[in-house]
Amino acid sequence: VIPSQEAFHQIVENSERALSLDSSLSQSHVARAVGNLFFEWRWEDAYQSLMKAIELNPGASESYWVLGYYYLIMNEPPKAVATFEKAWLQDPLSMPLARSLGIAYFYQARYDDVIRMSDMQLEVMPANWYALSIKGLSMGMQGNWNKALGILMQANEISGGSPLTLSYLAYCYGILNKKEHALLTIKQLEAYHESHPELIRNGDLSFAWWGIGDRDRAFDYLFKGIDQKEGMISFMVNSPLYVGLHEDPRFEVVKKKMNL
């Protein structure tokens with residue numbers, strides 16, 4: 001397995017090589033934008049690459065897909081939703097696009113829409129643990145964390161205890177004041193990371209610790225993820241799951257470190 005940093009570094013190198021040979025390929029501009037968004041954190045360069053890709057091939061859904069994540073990183077969920085919706089209309093059978101649209105709805109606090117999108121995905125693939133996870137989280141954000149717990153436990157079982165589902169489960173236990181269960185789940189998450197050092201995602205541990213209200217550990221892992229430039233952390237920082245943490249003065253340091 002290639003660590004995320006190395007993978008994104010290879011994307012940057014490959015896209016630059018491809019563009020030097022033929023700058024008219026929209027896919028190469030998209031690849032360059034992916035590297036800038038999730039590795040280099042050069043936001044304006046990423047945006048310009050995506051605009052060029054769209055200019056070259058306006059009908060390619062992948063350009064709008066990546067642009068949607070740009071807007072999530074810029075903390076503009078309405079623009080992200082509109083962009084993902086446009087991409088999904090171009091490719092309505094794409095499960096990754098459906099997933100991304102659900103994420104954008106979640107960031108805009110449109111939880112009924114998240115549940116609707118999740119149910120649509122689950123009709124096609126009942127074992128879609130991510131669709132279950134975001135559905136459970138949306139129910140929790142609507143105030144029904146007890147019902148969310150059952151769904152998140154199911155998602156974790158289906159995923160085989162993936163780092164993401166473990167982090168969501170720990171978060172939920174924490175919100176429900178089930179601290180012992182939350183700490184046991186965090187131990188599982190830490191054990192997974194010890195046995196899979198190439199897959200460490202400090203953002204998952206940050207979510208987990210914030211669920212039980214440990215502000216310091218949540219920031220410690222968030223800063224570790226930023227310092228290591230973990231691929232997905234660039235849009236995770238704006239997650240509604242960090243409600244209450246965004247007001248902490250240290251969050252301004254987070255944004256400064258990420259050039260936001």
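Counting from 1, the numbers follow the sequence of the chain as shown.
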**Q.** Listed once per pair and sorted, the side-chain hydrogen bond (donor to acceptor under 3.5 Å, both in side chains) pairs that draw on residues 59-79, sequence neighbours left out
**A.** Trp65-Ser100, Tyr69-Ser100, Glu76-Lys79
Q: Determine the interplanar angle of the Phe106 and Tyr111 rings, folded into 0 to 90°, and report it as parallel if under 30°, tilted if 30 to 60°, perpendicular if over 60°.
A: perpendicular
Q) Do Lys257 and Asp227 meet the salt-bridge criterion of a basic N to acidic O distance under 4.0 Å? A) yes
Q. Under the salt bridge (Lys or Arg N to Asp or Glu O under 4.0 Å) test, which residues partner Lys255, sequence neighbours left out?
A. Glu252
Q: Hey, can you tell me if Phe251 and His246 have their rings parallel, tilted or perpendicular (30° and 60° cut-offs)?
A: perpendicular
Q | Connected hydrophobic set around Trp209, excluding itself, where side chains approach under 4.5 Å | A | Leu166, Leu183, Ile186, Leu189, Leu205, Ile212, Tyr221
Q: Specify the closest pair of heavy atoms between Leu241 and Phe207, including all atoms of both residues, with the distance to one decimal.
A: CB-CE2, 3.8 Å
Q: Sort and list the pairs that fulfil side-chain hydrogen bond (donor to acceptor under 3.5 Å, both in side chains) and have at least one residue in residues 169-187, not counting sequence neighbours.
A: none
(Q) Strictly below 4.0 Å, N to O, side chains only: are Arg116 and Asp113 in salt-bridge contact? (A) yes
**Q.** Thr165 and Tyr130 side chains, donor-acceptor separation under 3.5 Å
**A.** no
Q | Pairs satisfying side-chain hydrogen bond (donor to acceptor under 3.5 Å, both in side chains), at least one member in residues 86-99, at least two apart | A | none
Q: Before accepting this row, confirm whether a basic side-chain N of the pair Asp220/Arg217 lies closer than 4.0 Å to the acidic partner's carboxylate O.
A: no
Tabulate below the donor-acceptor pairs under 3.5 Å that side-chain atoms of residues 141-151 make, not counting sequence neighbours, or state none.
residue	atom	partner	partner atom	Å
Gln142	NE2	Asp112	OD1	2.8
Asn144	OD1	Lys147	N	3.1
Trp145	NE1	Gly140	O	2.9

